[in-house]
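See structure below.
Labels below follow one simple rule: chain letters A, B, ... track the order of the sequence lines, proteins then strands, and each chain is numbered from 1.
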Amino acid sequence: MSKFIEQERIIEALLFSSQDPVSIKRLVNILPKNSEVDTIIANLQKKYEGRGINIKRSGAFISFRTAKDLEYLFNEVKVQKKSLSRAARETLTIIAYHQPVTKLEIEEIRGVSVASGTIDSLMELEWIKLGRRKNTPGRPLTFQVTEKFLDYFDLSSTKDLPGLKEMKDLGISVNKVNQKFEDG
Amino acid sequence: MSKFIEQERIIEALLFSSQDPVSIKRLVNILPKNSEVDTIIANLQKKYEGRGINIKRSGAFISFRTAKDLEYLFNEVKVQKKSLSRAARETLTIIAYHQPVTKLEIEEIRGVSVASGTIDSLMELEWIKLGRRKNTPGRPLTFQVTEKFLDYFDLSSTKDLPGLKEMKDLGISVNKVNQKFEDG
Amino acid sequence: MNNNSQEIKTTQYIEEREQTGFCLNLDGYEGPLDLLLSLAKNQKVDLKKIQLALLADQYLEYIKEVKDKVKLDLLADYLVVASWLTFLKSKLIIPEEEINEDNVEKINELLALRLQRLEAVRKYEDLLFSRKKLGENFFASGTPREVEVIKDDIITLDFIDLLRSYLLIGNKKNIQFSLDNKKNYLFLESAISFIEKKLLANKDWMLIQDLVREIHTKSGAQIKSCLASMFCGSLEFVKSGKIELRQSNVFGDISLLGRNK
């Protein structure tokens with residue numbers, strides 16, 4: 001039996017009783033001082049591997065979630081989310097791949113301005129939030145994705161996004177293009 | 001490893017995701033024909049014995065429950081949840097946007113007097129601290145936000161707090177009353 | 001599989017266009033870049049090798065067809081791009097020795113890059129949304145505690161929440177208050193006369209910060225307002241050619257030098 005058994009029990013109980021992911025920070029506060037929280041979580045993750053419920057880590061949060069291969073059990077319960085507009089999906093994708101990213105940068109990539117409803121709807125879903133200001137003229141605010149976004153799409157961090165490198169390589173700044181167009 | 005592993009997984013996922021206890025009858029329907037449901041449940045119960053979540057059987061129903069001895073975890077949370085009242089949020093916001101600001105000025109803006117408990121709770125969180133005395137009659141003390149506050153909100157200075165117009169430009173509606181504030 | 005779905009999407013696009021011909025409302029496109037991308041895909045070549053001249057023709061033709069059928073404001077963006085393309089095309093058909101070929105090539109490349117980028121967003125958007133999703137393919141606990149546990153509610157506060165609660169106070173009291181600390185402002189006229197005096201007295205480069213600090217001490221106006229007015233004032237003098245402004249890098253120091261006699 002693990003020497004961390006009491007800590008594991010506490011984490012199990014907390015995760016079970018919460019629908020939303022629990023922050024690691026919170027666990028650190030609740031667990032006895034000097035607990036090796038990361039090790040305990042890793043052990044626990046291993047323990048639940050291959051079981052009907054697994055332990056997921058998204059960013060600085062962890063949660064219990066049903067195993068993905070058992071989705072057939074829930075066919076009746078499935079709630080299809082109302083589908084997002086194309087603008088919202090594209091905006092979300094750009095934020096996820098390029099975060100932290102400014103509104104102007106999103107507009108440059110999409111070639112159109114971002115309608116206000118778009119940002120609001122993503123904020124309402126709590127999939128995006130404001131990030132730090134960028135150190136460029138005007139110090140614009142940036143957008144970034146949330147833990148809830150990661151949780152929803154079953155990602156443990158934005159580093160897990162498919163094709164991240166390809167997207168990064170294509171870059172975001174297109175000022176050059178516009179300038180060329182303008183100076184001819 | 002148990003030979004019933006697949007059946008166990010199914011039961012775990014179903015118990016975990018359902019709000020109410022699951023009837024044994026339902027499990028019999030879902031599990032492969034001729035599964036020894038009672039044996040599987042008994043095994044699973046044993047497996048979760050002494051863990052943070054247990055399997056409870058009451059009559060013809062079973063469910064996951066957090067371990068009785070961990071009740072205390074949830075009491076603590078109740079207290080923690082209360083810790084930032086609406087008054088405290090408003091006071092904090094005023095201090096952040098107007099610092100250094102005196103108690104009288106806060107009261108003028110809010111239109112009600114500031115309970116000392118409000119200031120205390122913000123002080124306790126180490127989100128506000130005393131600032132310089134103001135050069136006005138009586139030389140009243142002022143409040144300002146702390147480094148910890150800035151860290152928490154990922155700001156490099158209070159100058160980075162977003163302004164109203166800026167929010168609008170970003171396409172975020174700020175007038176919408178946030179659910180979170182309705183309860184306060 | 002991913003390539004496949006991409007292909008299906010593309011063909012759908014093309015079919016849609018073919019069916020509706022040029023009656024397609026521009027609303028269907030998310031801006032000119034989107035339209036360009038779908039036209040470029042019709043060329044059925046690697047996006048890196050698109051032919052700008054051909055693309056420009058297609059685009060212009062399309063715009064000509066729809067321009068009477070859509071709202072003007074919607075069309076504005078499209079017309080800007082149309083004028084770019086016209087301009088670029090004119091460069092392309094001018095006899096070779098007269099144009100800087102490098103330049104045209106570069107523009108072609110950059111346009112291709114923009115299209116590739118938008119295409120990549122589309123591709124990964126599809127991949128993202130085809131992932132297993134919470135509440136659809138996997139599930140959270142169905143028996144959360146009665147007391148809404150977890151989520152230490154302080155943790156979920158962000159500065160939009162702060163701003164909102166601030167505005168709520170305003171609404172409650174039915175008053176409008178400004179987020180700015182409206183104290184003393186330095187008027188532009190005072191800044192201009194201050195700069196003028198300084199110009200007469202000085203023949204060297206001066207740091208604008210030094211001037212700002214000086215007038216801030218003298219006038220007692222807010223430092224921010226001093227900076228803004230001093231900067232605006234300097235621009236006035238630049239316009240009339242009386243001073244020169246210099247800033248070596250972004251956020252770097254700004255200095256000014258008088259140029260008259």
Legend entry - Residue pair Gly111(A) / Pro32(C): nearest heavy atoms and the distance that separates them: O-CD, 4.0 Å

Inset, instruction - Using non-hydrogen atoms and a 4.5 Å limit, figure out which bit of Leu161(A) sits close to chain C: side chain, backbone, both or neither. - result: side chain

Inset, instruction - For the pair Arg89(A) (side chain) and Asp126(C) (backbone), establish whether a donor and an acceptor sit closer than 3.5 Å, ignoring hydrogens and angles. - result: no

Legend entry - CG-NZ distance between Asp69(A) and Lys132(C), expressed to the nearest 0.5 angstrom: 8.5 Å

Inset, instruction - Output the distance between atom CG (Leu128(C)) and atom CG (Leu92(A)), rounded to the nearest 0.5 Å. - result: 6.0 Å

Legend entry - Near-ring test Phe129(C)/Phe153(A), centroid separation under 6.0 angstrom: yes

Legend entry - Test item: Val112(A) and Leu33(C) side chains (from C-beta on) under 4.5 Å apart, heavy atoms: no

Inset, instruction - Measure distances from Leu70(A) to the heavy atoms of chain C and classify the residue's part below 4.5 Å as side chain, backbone, both or neither. - result: neither

Legend entry - Residue list, ring-ring contact (aromatic ring centres under 6.0 Å, His included) with Phe231(C), at least two apart or on another chain: none

Legend entry - Option from Lys133(C), Glu136(C), Arg131(C) for which side-chain hydrogen bond (donor to acceptor under 3.5 Å, both in side chains) with Tyr152(A) holds: Glu136(C)

Inset, instruction - Give a yes/no verdict on a cation-pi contact between Arg65(A) and Phe139(C), requiring under 6.0 Å between NZ or CZ and the six-membered ring centre and an angle within 45° of the axis. - result: no

Run the side-chain donor-acceptor check on residues 162-171 of chain A: report pairs under 3.5 Å with partners two or more places apart or on a different chain.
{"unit_1": "Lys165(A)", "atom_1": "NZ", "unit_2": "Asp169(A)", "atom_2": "OD2", "d": "2.8"}
{"unit_1": "Glu166(A)", "atom_1": "OE1", "unit_2": "Lys123(C)", "atom_2": "NZ", "d": "3.2"}
{"unit_1": "Glu166(A)", "atom_1": "OE1", "unit_2": "Tyr124(C)", "atom_2": "OH", "d": "2.4"}
{"unit_1": "Lys168(A)", "atom_1": "NZ", "unit_2": "Tyr97(A)", "atom_2": "O", "d": "2.8"}

Legend entry - Donor-acceptor pair, side chain of Ser141(C) and main chain of Phe16(A), under 3.5 angstrom: yes

Inset, instruction - Could you look at Val250(C) and say if it's the side chain, the backbone, both or neither that has a heavy atom under 4.5 Å from chain A? - result: side chain

Inset, instruction - Would you give the length of the straight line joining atom CD of Glu125(C) to atom CD of Glu90(A), rounded to the nearest 0.5 angstrom? - result: 5.0 Å

Legend entry - Which atoms of Phe251(C) approach chain A - backbone, side chain, both or neither, heavy atom under 4.5 Å: side chain

Inset, instruction - For Arg110(A) and Leu118(C), indicate whether the former's side chain and the latter's backbone hold a donor-acceptor pair under 3.5 Å. - result: no

Legend entry - Winner by heavy-atom pair count (cut-off under 4.5 Å) against chain C, out of Ala67(A), Ala87(A), Ser113(A), Ser63(A): Ala87(A)

Legend entry - Exceeds 12 heavy-atom contacts within 6.0 angstrom, atom CG of Asn249(C): yes

